[in-house]
There are 2 protein chains.
Amino acid sequence: MKKRRNTPTKEAVLEVLSKTGKAMSQDAIEQKIDIDINRATIYRVLNRFCDDGIVHRVVAEDGKQYFALCVKCEDNKEPSHHFHFRCLRCETIECLPVEVNFTIPDEYLVENVNCVLTGTCRDCSRI
Amino acid sequence: MKKRRNTPTKEAVLEVLSKTGKAMSQDAIEQKIDIDINRATIYRVLNRFCDDGIVHRVVAEDGKQYFALCVKCEDNKEPSHHFHFRCLRCETIECLPVEVNFTIPDEYLVENVNCVLTGTCRDCSRI
DNA sequence: TTATTTATTGCGATTGTATTGCAATATTAC
DNA sequence: GTAATATTGCAATACAATCGCAATAAATAA
Ligand SMILES: [Mn+2]
Ligand SMILES: [Mn+2]
Ligand SMILES: [Zn+2]
Ligand SMILES: [Zn+2]
């Protein structure tokens, strides 16, 4: 793996993702960062995070990419392949602690899983 | 519902989707049709099919939309919410007869399900 | 059949997301 | 400090999908 360097952008993006705990788009991340960072740079940082296994990418039915921290501590570990929920009202995507299970013939080689449920989230449905 | 008219485009798109039995992108559909049909028109036809419940839309991790006929006959019925498999080699997407199951609190209102597995399909893994 | 209504189409323009080339900059190692 | 090179900013680019509008054609009435 290529050697990584510490930069303000990395720190800022990580902090935003860490605080929200949800999956965010590049646009949403940029808006949450106080310093001014170029769009392309944020994408490159996010893609590097994905390469390094720090972050995972979710593609929703809106065709957009969302990025979330990979949570691996014991307390609130998320299954490697979990469902995501995109709320149409508050426009957030959360990683659900619900594992994706499926039965498929051995001849299929599954390399990636992308599962997104869309609708109204818990918080928004209570209003 | 708005009244629909029969057009050569509708017929052509339906025939292509029916023959392949898989989920296809606008681009792939256009290439399979012998007559020349405008891109925007194909998209509009497909969107109308989706509105009418004849076709369902799948969004893959490549961010593209794929469209497949809704199969509802007894012989090879597909579950309303089923997995899809996108093969990176032959670049096709097939509707798997595997139902998507998940447990999620009642407060969540699920309106749509989009699940795509990516990798190497059965045919391609045998080569 | 012809006339009328309006759903559908073609075309170009447009939107929106994401990536890329390249020169400038900043971080790390020495 | 200097050298090596990972990272960034900027503008250009790629690409999927949609939209506005005038032209066309399918369905229906006359
Ligand atoms: Mn997740
Ligand atoms: Mn399907
Ligand atoms: Zn919500
Ligand atoms: Zn294949």
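Predicted, not measured: the structure shown is a model, and the values here were computed from it. These values consider heavy atoms only, across backbone and side chains, with no hydrogens, waters or symmetry-generated copies. Note on naming: letters A, B, ... go to the chains in the order of the sequence lines (proteins, then strands), and numbering restarts at 1 for each one.
With dT9(C), dC11(C), dT8(D) as the choices, the nucleotide that has an atom nearest any side-chain atom of Arg48(A) turns out to be dT8(D). Each of dA26(D), dT19(C), dT18(D) was ranked by its minimum atom distance to the side chain of Asn47(B); first place goes to dT18(D). Side-chain proximity of Ala40(B) to dA18(C), dA11(D), dT18(D): nearest is dT18(D). Here the side chain of Arg44(B) is nearest to one of dG20(D), dA18(C), dA6(D), namely dG20(D).
Residues Asp62(B) and Arg86(B) are paired through a salt bridge, judged by an N-O separation under 4.0 Å between the basic side chain and the carboxylate.
When the P atom of dT17(C) is taken as reference, atom CD1 of Ile42(A) falls 13 Å away, rounded to whole Å. Distance Lys10(A) NZ to dT28(C) C1': 12 Å, rounded to the nearest Å. Whole-Å rounding puts the Ile33(A) CD1 to dG9(D) P distance at 10 Å. Protein atom CZ of Arg4(A) is 15 Å distant from nucleotide atom P of dA29(C), rounded to whole Å. Protein atom CD1 of Ile29(B) is 14 Å distant from nucleotide atom C1' of dA16(D), rounded to whole Å. Going from atom CZ of Phe49(B) over to atom C1' of dA7(C) covers 14 Å, rounded to whole Å. Rounded to a whole Å, the CD atom of Glu30(B) is 14 Å from the C1' atom of dC15(D). Rounded to a whole Å, the CG atom of Asn38(A) is 15 Å from the P atom of dT17(C).
Counted by atom type alone, Asn114(B) and Arg57(B) present zero donor-acceptor pairs between their side chains at under 3.5 Å.
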Test log, rule side chain to side chain contact (heavy atoms under 4.5 Å, CB included), inputs Arg4(A) and Lys10(A): CA-CA 10 Å; Arg4(A) 303 297 187 201; Lys10(A) 273 181 66 170; 4.0 Å; yes
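Residues Asp27(B) and Thr7(B) each lie close to DNA chain D; by heavy-atom proximity, the contact nearer the 5' end of the strand is made by Asp27(B). Residue-to-nucleotide proximity on DNA chain C shows that, of Asn6(A) and Tyr66(A), the 5′-proximal contact is made by Tyr66(A).
Under 4.0 angstrom from either OP1 or OP2 of dA18(C) there lies at least one side-chain N or O belonging to Tyr43(A). Dashed line: the shortest gap from a side-chain N or O of Lys64(A) to OP1 or OP2 of dT17(C) is under 4.0 Å. Lys3(B) has a side-chain polar atom (N or O) that falls below the 4.0 Å cut-off from OP1 or OP2 of dT28(D). Close to dA25(D), at under 4.0 Å from its OP1 or OP2, lies no side-chain N or O of Arg5(B).
Residues Thr20(A) and Thr92(A) fail the side-chain proximity criterion, which asks for heavy atoms closer than 4.5 Å. Residues Leu96(B) and Leu117(B) form a side-chain contact, since some pair of their non-hydrogen atoms from C-beta on lies under 4.5 Å apart.
In this model, no side-chain donor or acceptor of Arg39(B) finds a partner on the base of dG12(C) within 3.5 Å.
Minimum interatomic distance between Leu69(B) and Leu14(B) (heavy atoms only, all atoms of both residues): CD2-CD2, 3.7 Å.
At the heavy-atom level, Gln26(B) lies nowhere under 4.0 Å from the strands shown. Among the atoms of the strands shown, none is found under 4.0 Å from any heavy atom of Ser25(A).
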